[in-house]
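Whatever order the structure lists ligands and atoms in, that order sets their numbers, starting from 1.
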Amino acid sequence: MPTSPHTTALIERLTLEQKVRLLTGASMWSLHDEPAVGLRPIVVSDGPTGVRGIAMDDRDPSASLPSASCVSATWDLEQVRRLGSLIAAEARAKGVDVVLGPTVNLHRSPRGGRHFEAFSEDPYLTGEFGAAYVASVQAHGVATTAKHYVANDSETDRFTVDVRADEQTLREVYLAPFERMVDEGAWLVMSAYNTVNGAPMSANPLLRDPLKDEWGFDGVVISDWGAVRDTEPSAASGLDLVMPGPDGPWGEALVEAVKAGRVPESAIDEKVARLLLLAARVGALDSGPAAAPVEPWDDTAIADLLRETAADGMVLARNDGTLPVEPRDGLTVGVIGQHALRARTQGGGSAAVFPHHVVTPLEGLRDAYGDHAVTFAPGLPPVDELHPFTRGTVTDPFSGADGIHVRYLDQDGAAFAEENFPSGRLGWLGDPRLAQAACVELTTRFTADRDGRHDLGFAGVGGFTFEIDGEAVSTDSLAPAEGDDPVTALLSPPARVVSRDLSHGQTVELRLTCALSLPGGFPIAMVRFGYKDLFGDPAEEFRRAIEVAAASDVAVVVVGTTETIESEGFDRPSLGLPEGQDELVRRVAEVNPRTVVVVNSGAPVVMPWLDEVAAVVLSWFPGQEFGAALADVLTGAREPGGRLPTTWPAREEDVPVWVVEPHEGRLAYTEGVHVGYRAWLKRERTGGYGPALPFGSGLGYTSWRIDEPTVSTAGDRVVVLADVTNTGARPGKQVLQAYLSRPESAVERPVSWLAGFTAVRAEAGERVLARIEIAPRAFQHWDTDAHGWATEPGTFTLRLATSAADPGHTVTVTPATGRA
Ligand code: BGC
């Protein structure tokens, strides 16, 4: 228990009621203050892909970073360290003390809806990236939260699913990244929604042991939002803090339970001690030092870093020599596909932030090749999404400012409060005015920028009346999709649109009157007010796209997932791209041999046309600078630096771990430690199918020679050294990966497992020395008889390679026995 004479003295000043009050949030994003101990409110924020702050709308924009699967694809910890400094600066600028990230769950099945937010299918790679995130953010006095502890690796029935996993699997695979976060000193851990082996994670013995007892975690276990549904079991467990607040299952009920002797007061004191330690760490106690200042970043520095990291995470999956395509006079580039215009720069759900700006692929490519060189054709109908009015496209009729005028009306229709929102993305989180209002009225003026049909509309949950120029054009009651949990219902609400013919320059006044449904009466709601993209006759648009492709020197087709198929709150039923995209790629490739496909997804998709196109770039969700980074990669201004942090299958039926749906409430991790590439390797041994793109693989624009490695020991580490030569004509990056195996092992082991890696960069012709250090843990296995880590005596085989499937160089190694 993290006590010091100082915290003990502070706790003694508090009554039981005061202590328990501190253990439930004060609001959606803040904790209670407590003047008796000089504690100010601590502010928490999502995370992990940037810092959203306390608003869920455009009033307080944030830098939108590449999502985790893009960051880990860099295989370069320096990149995440730099992003960590930016995250800390963003947090400090927004008054945020605690960032709710990193997410260190695993890509157990490629179907997981939240993969974009997690680093990898490999526990070691996940641990290294998570640790670099934790260290770099916390170095600036901003707390991080390793989430979601544990086995929240898919989304189906996430509030209730009971994950069944054996001790070895939990220790070696799913707990391992969290252990690494604790080693690195993470100040918070978030308990997951799901149940593990029969106990909900917000009241699970794993919160005590190994987290607090064995690993010595001295921070705060914070619940996931709305995860705690009982009082005594959770309070008696290792959970410290219930979120959000102010209401929750602890409060008076917990005070009562302590008074009746059913929960010991010492359990409450321990939780408060942890909270006060966190407060001291983030500078929230009067009696301790204030948080150290963090230099704010200017917009150019932010854009430069995000552009560089996004390009460094993009994976060149195939290239027949078409890429790079340098700009030159007379070059024509056909840019095809809706995703070029409506790119996915970030994943949906709680990780989403509200960026200042986004560079779309179309903008980036126009900028790089010149407007005259680029012709765009969407080819397929727009994804079924309502685009909120952006800043500057609508006017508040009351103030003349950008945006939407919002009035809060009482039962008699009288406005008791009003304000301006800068865009059509409106969010209220714990806003008391919402609970007080009979309805909320949004009014704005929209001016058409072209002649013809406009699809105007809204999304939300509740009763809505939509008027255009005073005429009621729709009255709707919108309910969440069946099966949506409350968070998903909030973040991805249903939409309605109404079509109107408008002429260029015509201004209409739009009014939306909303009787919002508040989940559990809690004043939290989100509304989108906006429009859908216009699209012509589908057959005609498709034909035009093929025509544009045929007439261009190079065709760039941007395809990808949509928010309705890849986001928080649900898993993907299939790994296919949305309807029509595969056919679009194939038809474009038929008419243009120089077809470059950009796949804009946060997780693997199947690419049945992979061998039929000239080049494929996997962009992931690369953040706000997407288009600029993509242009760098396609023109060759930067190398696509990424290597896969997760295996990409050729066909769905080959995927080793497919099922994410619980059976009778349970989801059994029957594959044990054989997750991701480990499962693929196991299957290959028995003559099964290989993947389309192996874990760790990715091309660049140059070629390499890797010499035979040498192995030595330094303290408790095994050190692998190898000369690596850039044998091509351009500077480049290579990622060296060290895999261990133990063919004759007496225990259940993966066929091969990642034990270390390094990213090297070299000029054309340059030779560099690659160095990988392997920690003792890499050799160990979890001994289920002794309930501890053990190292088998004897030797292991080390393979230095450029992917899980690359034979590379193999050497025999013996774990180091020296001390660090
Ligand atoms: C997510 C967490 C997130 C929290 C607060 C939950 O639904 O699972 O990752 O931090 O909401 O937004």
Side-chain angles (χ1 to χ4, degrees), residues 24-31 42-57 62 67-68 87 91 94 96-106 112-119 130 133 137 143-161 163 178 181 186-195 200-202 220-229 239 241-245 248 346-354 427-430 480 484-493 519-520 522 524-526 567-571 602:
T24 296
S27 70
M28 190 72 177
W29 306 120
S30 67
L31 312 188
I42 291 175
V43 176
V44 309
S45 164
D46 287 308
T49 314
V51 185
R52 191 174 54 238
I54 58 171
M56 288 289 274
D57 54 60
S62 311
S67 294
I87 290 169
K94 287 169 181 283
V96 167
D97 303 293
V98 176
V99 176
L100 301 173
T103 299
V104 291
N105 298 117
L106 295 191
R114 240 174 142 171
H115 276 12
F116 61 85
E117 204 186 312
F119 293 112
Y133 184 116
V137 175
T144 61
T145 310
K147 69 186 189 183
H148 312 80
Y149 186 82
V150 60
N152 183 185
D153 309 296
S154 48
E155 293 290 279
T156 307
D157 297 345
R158 63 178 172 159
F159 277 73
T160 53
V161 60
V163 170
F178 287 96
M181 298 312 104
W187 291 340
L188 294 96
V189 165
M190 185 188 287
S191 65
Y193 285 128
N194 51 285
T195 290
M201 278 315 305
S202 49
V220 170
V221 177
I222 185 172
S223 79
D224 201 343
W225 267 232
V228 189
R229 279 153 282 167
L239 186 76
L241 178 64
V242 173
M243 287 303 284
Q346 56 174 337
S350 59
V353 300
F354 297 85
W428 298 267
L429 296 173
D484 276 2
D485 63 50
V487 181
T488 313
L490 179 74
L491 298 170
S492 317
F522 196 68
I524 160 168
M526 294 194 72
S567 191
E568 179 176 334
F570 51 87
D571 295 312

Practice item. Considering the heavy atoms of M190, write down every atom of ligand 1 situated less than 4.0 Å from one of them. Key: 10 (O)

Review point. Between the side chains of Q346 and T49, does any donor sit under 3.5 Å from an acceptor?
Key: no

Practice item. Would you kindly specify which portion of R158 sits under 4.0 Å from ligand 1, judged on non-hydrogen atoms: side chain, backbone, both or neither? Key: side chain

Check your understanding: For ligand 1, is there an N or O atom under 3.5 Å from any N or O atom of K147?
Key -> yes

Exercise for review: Look only at the side chain of Y193 and the backbone of W225, and say whether a donor-acceptor pair between them is shorter than 3.5 Å.
Suggested key: yes

**Study point:** Close side-chain approach of R52 to F354, heavy-atom, < 4.5 Å
**Key:** yes

Check your understanding: Any N or O of E117 that comes nearer than 3.5 Å to an N or O of ligand 1?
Key -> no

Practice item. Would you kindly specify which portion of M56 sits under 4.0 Å from ligand 1, judged on non-hydrogen atoms: side chain, backbone, both or neither? Key: neither

Check your understanding: Is it true that a side-chain atom of S223 and a backbone atom of M243 form a donor plus acceptor pair closer than 3.5 Å?
Key -> yes

Point to revise | Sub-4.5 Å side-chain heavy-atom contact between W29 and S45 | key: no

Practice item. Heavy atoms only: give me the nearest M56-L429 pair and the separation to one decimal. Key: CG-CD1, 2.8 Å

Exercise for review: Check A192 against N152 and note the closest heavy-atom contact, atom names and distance.
Suggested key: CB-CB, 3.9 Å

Check your understanding: Would you say the side chains of S62 and K94 form a donor-acceptor pair under 3.5 Å?
Key -> yes

Exercise for review: Counting heavy atoms only, name the option from L429, T103, D224 that's nearest to atom 11 (O) of ligand 1.
Suggested key: D224

Point to revise | Close-contact set for ligand 1 against H148 heavy atoms, below 4.0 Å | key: 2 (C), 8 (O), 9 (O)

**Study point:** Nearest-contact summary for atom 7 (O) of ligand 1 - protein heavy atom, Å
**Key:** Y193 OH, 2.8 Å

Review point. Between E568 and ligand 1, is there a nitrogen or oxygen pair with a distance under 3.5 Å?
Key: yes

Check your understanding: Heavy-atom contact under 4.0 Å between R114 and ligand 1?
Key -> yes

**Study point:** Per-atom contacts, ligand 1 versus L100 - under 4.0 Å to a heavy atom
**Key:** 10 (O)

Review point. Relative to the heavy atoms of W29, which atoms of ligand 1 are at a distance of less than 4.0 Å?
Key: 5 (C), 12 (O)

Check your understanding: Just by distance, do the side chain of D224 and the backbone of S191 share a donor-acceptor pair under 3.5 Å?
Key -> no

Check your understanding: Among protein heavy atoms, which lies nearest atom 12 (O) of ligand 1, and at what distance?
Key -> D46 OD2, 2.5 Å

Review point. Between R52 and ligand 1, does any nitrogen or oxygen pair lie at a separation below 3.5 Å?
Key: no

